[in-house]
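One structure is given here, and the rest of the page talks about it.
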Amino acid sequence: MIPVIAATVKVMLPLAQLPSNFVHHHSTTTCVAENRFFCADWAAHNFDRYVDPALKQALLVSVSVAVGFTVAMGLALLSHRQPKLAPTFTGLTGVLYTVPSVAFFFLLLPITGFGTDTAVIALSAYTLQIIYRNIVAGLANVPEEAKDAGRGMGMSQRDLLWRVELPLAVPEIVAGLRVATVSTVALATLAFFAGAGGLGQQIYSDLTFKTNIIIAGGLAMLMAILFDLVLLVIQRLATPWLRAGAS
Amino acid sequence: MIELSLPIAFLHSFTGAFDFILHQREAQTRFVQVGGLGQVWELTRTHLEVSGLALAGSLALALPVGAALGHRGRGEMFAIGLGNAGRAVPELAVIAFLVAFIGIGLRNVVLALMVLGIPPILTNTFVAVKQVDRDAVGAARGIGMRETQILTRIQLPLAVPTIMSGVRTAAINIVATATIAPLAGVLTLGDFILSRNVYGDQGVLAGAILVALLALIVELSLAGVQWLLTPRGLALQRERAAA
């Protein structure tokens, strides 16, 4: 993930330089002083200050979604075996999702302290609901015939789960992961409140400088799109039978 | 020693936060009184006012558009794409964009929050109305209902659960983002969190507790509204399916 973003950032550098010739003929200082819509010269010269925060945010998102996915998968497998647990898990993850992220960060601060850990805990808690729901729905939607076929082949419950049910649920699981990841990129923009840095720190450092807002906000949205594309590719690779059926 | 002192320090900060909510005190910056139920109520009211206006505005725009598109089954790319794009928009960037490009103040903050509220409502309304059973719509047409009647008396009531889940997502986004509205000059409960130099650590924690409670209350109220709006028959059918 990180190399992909680093590569994109490198590709963007010359792009940022490109419009400087025809957007503004004035010097960079005038543009910045007058706080024009977008100061391309300034952007080209200062783009490197956004690279580290962007990478940090990408890492934060990757770790948070990975943690969230692991926990959600555990909960989903538990409630798959014990359906009675499902309403409790749905309720709990729902409550976690409802607490606003900024409040969540500051509620955790006295317990986990200022730093990346706090951000990861809060951000991964947010991903639980959507990922959990999609895994459960994916498992529930596996056709009874497919399971019967597996049983007919002599599969144990465990074989059935790993070799029939989970693979067939992949499209819905990845759909949940995509929604969770895209939202996490957006939420991670607030993670600097917890001490985890990121693009939000850049935004917050100068809320009135238009060029700054456009670059940092734009990078965050671009990052969401990139993550989404990567997951889409993963989904295609993980479900070769869907492509075989389509062609 | 550390193992012992940690939970005590933790308890101490939370009791401090509740003290901040209940009793006024002098600000860290001196000379003014902050905290206490009076200020808490004032900021809560603004928080609810901004959020309520933004949710109402989002509903007024997204509900008719989503329902009209869903009824005709057109504009799928737009309705679904808007929902996806909406999720990728960082809350802080929306508020920052507002501060830098449009200006601060209540009306502007409401507009910014609507950017976060419209997508989930529009997408869910579209999907919900579109996926209402073709047979139910056909039956309604057969007994001579007009298109507007089909929409308001068949499709929308049957779509309530999905529409309301979009409204709840919108409300959660809006209430959460209203927390950083003080950056744009509107003093919501987030002010306790953002102005640590005025309210101190206890004020910050008090703000976090209050914002979390407010969000949970709003979410529960909307769950209640959903229950009231869902047609009895539909609720029964779902219960039976779940059992």
Side-chain angles (χ1 to χ4, degrees), chain A residues 35 37 57 86-87 94-95 97-113 126 130 178-193 198-204 206-214 216-225 227-228, chain B residues 6-7 9-14 16-17 83-101 116 168-169 171-180 183-184 189-190 192-194 196 201 204-220 223 242:
Chain A
N35 196 9
F37 186 82
Q57 182 159 343
V95 169
Y97 182 76
T98 306
V99 177
S101 50
V102 178
F104 211 146
F105 292 140
F106 284 94
L107 282 173
L108 284 173
L109 281 186
I111 308 164
T112 52
Y126 276 103
I130 185 79
R178 286 173 63 191
V179 173
T181 309
V182 169
S183 328
T184 306
V185 176
L187 282 174
T189 314
L190 291 166
F192 69 95
F193 280 124
L199 288 166
Q201 185 109 54
Q202 291 302 121
I203 296 180
Y204 197 63
D206 199 342
L207 277 174
T208 49
F209 182 27
K210 293 175 182 168
T211 309
N212 177 46
I213 308 298
I214 291 182
L219 279 176
M221 291 182 70
L222 187 72
M223 193 187 295
I225 295 168
F227 267 109
D228 200 39
Chain B
L6 201 75
F10 164 70
L11 263 181
H12 183 73
S13 43
F14 274 85
N84 289 335
R87 264 194 296 273
V89 177
E91 303 158 304
L92 182 66
V94 174
I95 295 290
F97 191 85
L98 172 87
V99 174
F101 288 86
L116 300 160
R168 284 158 74 174
T169 307
I172 291 175
N173 287 348
I174 288 172
V175 171
T177 309
T179 310
I180 52 174
L183 299 177
L189 282 172
F192 287 141
I193 300 178
L194 298 170
R196 182 165 165 223
D201 283 336
V204 172
L205 193 57
I209 293 170
L210 291 166
V211 168
L213 281 178
L214 187 71
L216 287 171
I217 292 170
V218 168
E219 165 71 3
L220 281 178

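Residue numbers start from 1 in every chain, and the chains themselves are labelled A, B, ... in the order their sequence lines are given, proteins ahead of strands. The structure displayed is predicted, hence computed values, not measured ones.
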- Among the listed options A:Val95, A:Leu109, A:Val99, A:Ile203, the residue most often paired with chain B at heavy-atom distances under 4.5 Å: A:Ile203
- Which answer fits A:Ile214, side chain, backbone, both or neither, if we ask what part of it has an atom under 4.5 Å from a heavy atom of chain B? side chain
- Go through the atoms of A:Val182 and report whether side chain, backbone, both or neither lie under 4.5 Å from a heavy atom of chain B. both
- A:Ala186 and B:Ala88: which non-hydrogen atoms are nearest, and at how many Å? CB-O, 4.0 Å
- Message: I'd like to know which of B:Leu220, B:Thr177, B:Leu216 tops the heavy-atom pair count under 4.5 Å against chain A.
- Response: B:Leu216
- Item | Partner chain B: residue of A:Ala216, A:Ala103, A:Ala220 with the largest heavy-atom pair count (under 4.5 Å) | A:Ala103
- Query: What is the minimum heavy-atom distance between B:Ser13 and A:Pro110, and which atoms define it?
  - Reply: OG-CB, 3.7 Å
- Query: Could you give the distance from CG (A:Leu207) to CZ (B:Phe97), rounded to the nearest 0.5 Å?
  - Reply: 13.5 Å
- Are B:Phe14 and A:Leu107 side-chain neighbours, meaning at least one heavy-atom pair lies under 4.5 Å? yes
- Does the side chain to side chain contact (heavy atoms under 4.5 Å, CB included) test come out yes or no for B:Val211 and A:Val102, once each step is laid out? CA-CA 9 Å; B:Val211 168; A:Val102 178; over 6 Å; no
- Under a 4.5 Å cut-off applied to non-hydrogen side-chain atoms, are A:Tyr97 and B:Thr169 in contact? yes
- Item | Contact origin within B:Ile172 toward chain A - heavy atom pairs under 4.5 Å | side chain
- Would you say the side chain of B:Leu92 lies within less than 4.5 Å of the side chain of A:Phe192, judging by non-hydrogen atoms? yes
- Task: Please determine, among A:Thr181, A:Val185, A:Leu190, A:Asp228, the option with the most heavy-atom pairs under 4.5 Å with chain B.
- Result: A:Leu190
- Item | Closest approach of B:Ala100 to A:Ile213 (non-hydrogen atoms, all atoms of both residues) | CB-CG1, 4.0 Å
- Task: Please look at A:Ala224 and chain B and tell me whether the side chain, the backbone, both or neither of the residue comes under 4.5 angstrom of a heavy atom of that chain.
- Result: side chain
- Whatever's closer than 4.5 Å to a heavy atom in chain A on B:Ile180 counts as side chain
- Query: So do A:Tyr204 and B:Leu183 actually touch side chain to side chain, heavy atoms under 4.5 Å?
  - Reply: yes
